[in-house]
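First the proteins, then the strands, lettered A, B, ... as listed; each starts at 1.
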There are 2 protein chains.
Amino acid sequence: MGSIDSPRIQELSQILKALGHPTRLFIIEEIAQEPTCVCVLKERIGADTSTVSKHLSILRNAGLVSMEKKGTMVYYSLSCACVKDCIQALLPLIELKHKRYCEMLQ
Amino acid sequence: MGSIDSPRIQELSQILKALGHPTRLFIIEEIAQEPTCVCVLKERIGADTSTVSKHLSILRNAGLVSMEKKGTMVYYSLSCACVKDCIQALLPLIELKHKRYCEMLQ
DNA sequence: TGAGTATTTTGCAATATCGCCAAATAGCAG
DNA sequence: CTGCTATTTGGCGATATTGCAAAATACTCA
């Protein structure tokens, strides 16, 4: 059995924590479609560049994204397509929540 | 395109944030195997009952777990098996991280 | 009813996260 | 080298999370 301090739990929770923020999840979904540079992400997010950069460093530390420099610009992309699967796996849960919410109203 | 404030992003990030803590991830993996009551979880985690209860309330608010009372005890279980899929989807990413780390050492 | 157990809620202090600003770094063009 | 743009890093206040202790709630049994 994995204890709470096992590397497995630690690594998984680091990854999930990194994904557990609206801005970072948005970034993940954007770069899942195509590699995107920081300045474009900044525009779409509407936050300070430094804020976006810090979110990207969190995603980097979790191993979720890869970066590629092109001139002064840095393009970020998903380091593993499995991240998309992880997110998609949760859709049934969201549907379930909605179903429960509708039932509660009646 | 989903904006950052879209309900979809908000709900997904709430779920992922709830999963992004070692103790809560541990709880999820325990109750994924069989419904477990708070007092047993408390023993396995080694934290105060109130602490465990608070983690469970976070998981509840995210819709991740269901509870069933049996006498004074409350048994928690996964509300959707898809949560297991979500976690399992990340295993390739962890392997990739390890592979990168080994390469870095050489 | 009263004692005892299980769980949740509240309060609080320690710690961590978030987002902006300012400063530092890196790369390109002239 | 200088100026310019893109990005990262450091600093700081505001806010949120975390975990324990104490109080409140819920349920069972005698």
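Rounded to whole angstrom, the span from the NZ atom of A:Lys17 across to the P atom of C:dA16 amounts to 9 Å. Atom C1' of nucleotide C:dA26 and atom CD of A:Glu68 are separated by 17 Å, given to the nearest angstrom. Rounded to an integer number of Å, the gap from A:Asn61 CG to C:dT17 C1' is 14 Å.
In this structure, CD1 on A:Ile15 lies 6.0 Å from CG on A:Leu64, to the nearest 0.5 angstrom. Once rounded to the nearest 0.5 Å, the distance linking CG of B:Leu93 with OG of A:Ser79 reads 5.0 Å. The CD1 atom of B:Ile87 lies 6.5 Å from the CG atom of A:Leu12; values are rounded to the nearest 0.5 Å.
Ionic pairing of B:Glu29 and A:Arg8 is present here: one or more N-O contacts between side-chain nitrogen and carboxylate oxygen are shorter than 4.0 angstrom.
Nearest-nucleotide positions on DNA chain D for B:Lys70 and B:Gly20 put B:Gly20 closer to the 5' end.
A 4.5 Å side-chain heavy-atom check between A:Met73 and A:Val40 finds every atom pair outside the cut-off.
Using a 4.0 Å cutoff to heavy atoms of chain B, the contacted part of DNA chain D runs 5' to 3' from D:dT17 to D:dT28.
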Are there any protein N/O atoms within less than 3.5 Å of an N/O atom in nucleotides 7-10 of chain C, and if so, which ones and at what distance?
unit_1: C:dT7; atom_1: OP1; unit_2: B:Val38; atom_2: N; d: 3.3
unit_1: C:dT7; atom_1: OP1; unit_2: B:Val74; atom_2: N; d: 2.9
unit_1: C:dT7; atom_1: OP2; unit_2: B:Cys39; atom_2: N; d: 2.7
unit_1: C:dT8; atom_1: OP1; unit_2: B:Tyr76; atom_2: OH; d: 2.5
unit_1: C:dT8; atom_1: OP2; unit_2: B:Ser53; atom_2: OG; d: 3.0
unit_1: C:dT8; atom_1: O5'; unit_2: B:Ser53; atom_2: OG; d: 3.4

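Sparse packing is recorded around CD of B:Glu95, with 12 or fewer heavy atoms of other residues, nucleotides or ligands lying under 6.0 Å away.
A:Glu103 and A:His98 share no donor-acceptor pair across their side chains, judged by distance under 3.5 Å alone. Side-chain contact annotation: A:Ser3 with A:Asp5, donor-acceptor N/O pair under 3.5 Å absent.
As judged by a 4.0 angstrom heavy-atom cut-off over every strand, B:Lys42 is placed among residues making no nucleic acid contact.
For A:His55 and C:dT17, the shortest distance from a side-chain N or O to OP1 or OP2 is not below 4.0 Å.
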